[in-house]
Amino acid sequence: MEQYVRWYVELEPFYKILIIGSMLVGVLALVLGMGTENPAFFLLGLAWLAGGPGTIWVVSRFESDE
């Protein structure tokens, strides 16, 4: 867990904002999907929660190599 915290702390502010934004959209979509019993919104929320930080992780790895 410590390595993930260090990874987040060392990110540029732009990437931190993107991660927080994607997690916010994901949580809102999950809540909407559960509240309306709509599986499409629920899956969309899961995709945002997994895909947002995952995409930032890949991009930050390539950027740190330069």
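Just so you know, these numbers come straight off a predicted model, no measurement behind them.
- Here the CG atom belonging to Leu44 is positioned 9.5 Å from the CG atom belonging to Asn38, to the nearest 0.5 angstrom.
- Both Val59 and Leu49 are members of a single hydrophobic cluster when ILVMFWY side chains are connected at heavy-atom separations under 4.5 Å.
- Taking both residues in full, the closest heavy atoms of Ser60 and Trp7 are given as OG-NE1, 3.2 Å, listed atom of the first, atom of the second, then distance.
- Here Ser22 contributes atom OG and Ile17 contributes atom CD1; the two are 12.0 Å apart, rounded to the nearest 0.5 Å.
- Tyr4 and Tyr8 fall into different hydrophobic clusters, where Ile, Leu, Val, Met, Phe, Trp and Tyr side chains are chained together by heavy-atom contacts under 4.5 Å.
- Every residue two or more places apart in sequence or in another chain that forms a salt bridge (charged side-chain N to carboxylate O under 4.0 Å, His left out) with Glu2 is listed here: Arg6.
- Grouping the Ile, Leu, Val, Met, Phe, Trp and Tyr side chains by contacts below 4.5 angstrom, directly or via other members, places Tyr15 apart from Val9.
- Val27 is connected to Phe42 through a chain of hydrophobic side-chain contacts under 4.5 Å among Ile, Leu, Val, Met, Phe, Trp and Tyr, so both are in one cluster.
- Other residues, nucleotides and ligands contribute only 12 or fewer heavy atoms inside 6.0 Å of the CZ atom of Phe41.
- By the 4.5 Å heavy-atom criterion applied to side chains, Ile56 and Leu11 are counted as neighbours.
- At a threshold of 4.5 Å between side-chain heavy atoms, the hydrophobic network of Ile, Leu, Val, Met, Phe, Trp and Tyr places Met23 and Trp57 in one connected group.
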